[in-house]
Engineer: 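Structure incoming, see below.
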Amino acid sequence: MPHHALEIILTRPLSPAALHRAARRLPLAANHDATRLMALLPAKTPHRAARRLRHRLGEQLPIDVITTHYPDTDNKVLLNVAFPPTLHAALAAQARREGQSPERAVELALQRSLAEHADQEIDRLGQAVRQLLAHTTPAYLLSAVGHVLTRLPESRTT
């Protein structure tokens, strides 16, 4: 059975004692402030692994989101979010009206939001470039950008 690497994003940091208790049920790796955890679970699919993880630790940890750590063959990651019952009912009703599953409706809303954010970021950067070009030539600006990009720490370029 394949193993799936899952990342757990918590709503608040864990105390050392809470982390220890959770790690006794399932081996976990925590980041520096215990707001993100990693787990490796055996399951036939990433979806089953995320459900199993939420079932095993959901009552014990303030889990916000569980996500697959690595993208699948379609370059997608699984997001496992437990909505409060009233929000889940509202999402399900809206999805039914649109002829979709709640999962598909959330996926499309997330895609729209990410596209809007990308557009806003492109506009912001374009405005910044225009301001820089008011004081220099395109050749100098391009040279400066290349200079800066070649000196960034590798972890910041990805």
Side-chain angles (χ1 to χ4, degrees), residues 1-128 145 148-158:
M1 185 172 312
H3 284 70
H4 302 277
L6 300 175
E7 185 170 0
I8 306 163
I9 297 125
L10 303 172
T11 56
R12 66 178 185 280
L14 287 181
S15 68
L19 178 59
H20 180 72
R21 281 191 304 276
R24 286 179 34 205
R25 293 192 92 192
L26 182 71
L28 298 168
N31 70 337
H32 70 285
D33 64 356
T35 56
R36 297 171 83 122
L37 308 172
M38 290 294 299
L40 192 63
L41 276 93
K44 289 183 179 180
T45 66
H47 179 74
R48 286 185 180 182
R51 287 184 57 163
R52 184 172 294 154
L53 176 62
R54 190 173 290 279
H55 178 73
R56 287 170 90 176
L57 297 177
E59 296 294 320
Q60 204 169 359
L61 297 176
I63 297 174
D64 193 19
V65 176
I66 298 171
T67 181
T68 48
H69 188 64
Y70 299 105
D72 64 12
T73 55
D74 295 324
N75 205 28
K76 292 183 178 182
V77 296
L78 172 75
L79 290 177
N80 177 290
V81 181
F83 293 115
T86 54
L87 179 56
H88 187 271
L91 283 171
Q94 179 68 28
R96 267 193 310 277
R97 284 191 295 277
E98 295 173 2
Q100 301 169 339
S101 69
E103 293 82 8
R104 181 69 177 146
V106 170
E107 180 182 1
L108 291 173
L110 184 58
Q111 287 174 353
R112 284 190 302 269
S113 180
L114 290 172
E116 183 179 325
H117 173 74
D119 289 345
Q120 290 171 351
E121 186 67 1
I122 289 168
D123 290 346
R124 184 187 68 79
L125 291 171
Q127 193 172 34
V145 168
V148 169
L149 289 176
T150 59
R151 284 154 182 80
L152 286 177
E154 191 165 326
S155 64
R156 294 199 48 201
T157 60
T158 54

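Small disclaimer: the values here were computed from a predicted structure and weren't measured.
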Engineer: Would you give the length of the straight line joining atom CZ of Arg54 to atom CD of Glu59, rounded to the nearest 0.5 angstrom?
Structural biologist: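 Reported value, rounded in 0.5 Å steps: 10.5 Å.
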Engineer: Does the distance from a Lys or Arg side-chain N to an Asp or Glu carboxylate O, for Glu107 and Lys76, drop under 4.0 Å?
Structural biologist: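 Salt bridge flag = yes for Lys76 with Glu107.
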Engineer: When rounded to the nearest 0.5 angstrom, what is the spacing between CD in Glu103 and CG in Leu91?
Structural biologist: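 It is 10.0 Å, given to the nearest 0.5 Å.
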Engineer: Measure the shortest side-chain to side-chain distance between Leu108 and Gln111 over non-hydrogen atoms and say whether it is less than 4.5 angstrom.
Structural biologist: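 Side chain of Leu108 against side chain of Gln111, heavy atoms only: contact under 4.5 Å found.
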Engineer: Please tell me if the side chains of Val77 and Pro46 come closer than 4.5 Å, counting only heavy atoms from C-beta onward.
Structural biologist: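 Sidechains of Pro46 and Val77: no contact.
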Engineer: List the atom of Asp74, the atom of Asp72, and the distance in Å for their closest heavy-atom pair.
Structural biologist: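 Of all heavy-atom pairs spanning Asp74 and Asp72, the closest is N-OD1, 2.9 Å.
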Engineer: With distance as the sole test, does Arg12 use its side chain to make a donor-acceptor pair with the main-chain N or O of Pro62 at under 3.5 Å?
Structural biologist: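 Checked: no pair found.
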Engineer: Does either side chain, that of Gln127 or that of Arg124, offer a donor lying less than 3.5 Å from an acceptor on the other one?
Structural biologist: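 Side chains of Gln127 and Arg124: no pair found under 3.5 Å.
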Engineer: For the CD1 atom of Ile8 and the CG atom of Leu26, what is their distance to the nearest 0.5 Å?
Structural biologist: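 Here the rounded value is 7.0 Å.
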Engineer: How long is the gap from CG on Leu78 to OG1 on Thr45, to the nearest 0.5 Å?
Structural biologist: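 So the CG of Leu78 and the OG1 of Thr45 are separated by 8.5 Å.
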Engineer: Return the CZ to CD distance between Arg25 and Gln60, rounded to the nearest 0.5 Å.
Structural biologist: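 It is 5.5 Å, given to the nearest 0.5 Å.
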Engineer: Can you tell me how far apart OG1 (Thr35) and CG (Asp64) are? Round to the nearest 0.5 Å.
Structural biologist: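 Rounded to the nearest 0.5 Å, the OG1-CG separation comes out at 10.5 Å.
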Engineer: State, to 0.1 Å, how close Leu28 and Ala23 come at their nearest heavy-atom pair, and which atoms those are.
Structural biologist: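 The answer is CD1-N, 4.0 Å.
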Engineer: As a test of understanding, state which of Leu53, Asn31, Leu57, Leu61 forms a side-chain contact (heavy atoms from CB on, under 4.5 Å) with Leu37.
Structural biologist: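 Checked Leu53, Asn31, Leu57, Leu61 against Leu37; only one passes side-chain contact (heavy atoms from CB on, under 4.5 Å): Leu61.
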Engineer: Is there a side-chain contact between Pro42 and His3 (heavy atoms, below 4.5 Å)?
Structural biologist: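 The answer is yes; the side chains approach within 4.5 Å.
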Engineer: Between His4 (side chain) and Ala43 (backbone), is there a donor-acceptor pair under 3.5 Å?
Structural biologist: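 Here the side-chain-to-backbone pair exists.
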Engineer: Taking Thr67 for its side chain and Glu7 for its backbone only, find out whether a donor-acceptor pair lies under 3.5 Å.
Structural biologist: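 The answer is no, because no donor-acceptor pair under 3.5 Å joins these two groups.
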Engineer: State, yes or no, whether a side-chain contact exists between Leu6 and Asn80 at a heavy-atom distance under 4.5 Å.
Structural biologist: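 Counting from C-beta outward, Leu6 and Asn80 never come under 4.5 Å.
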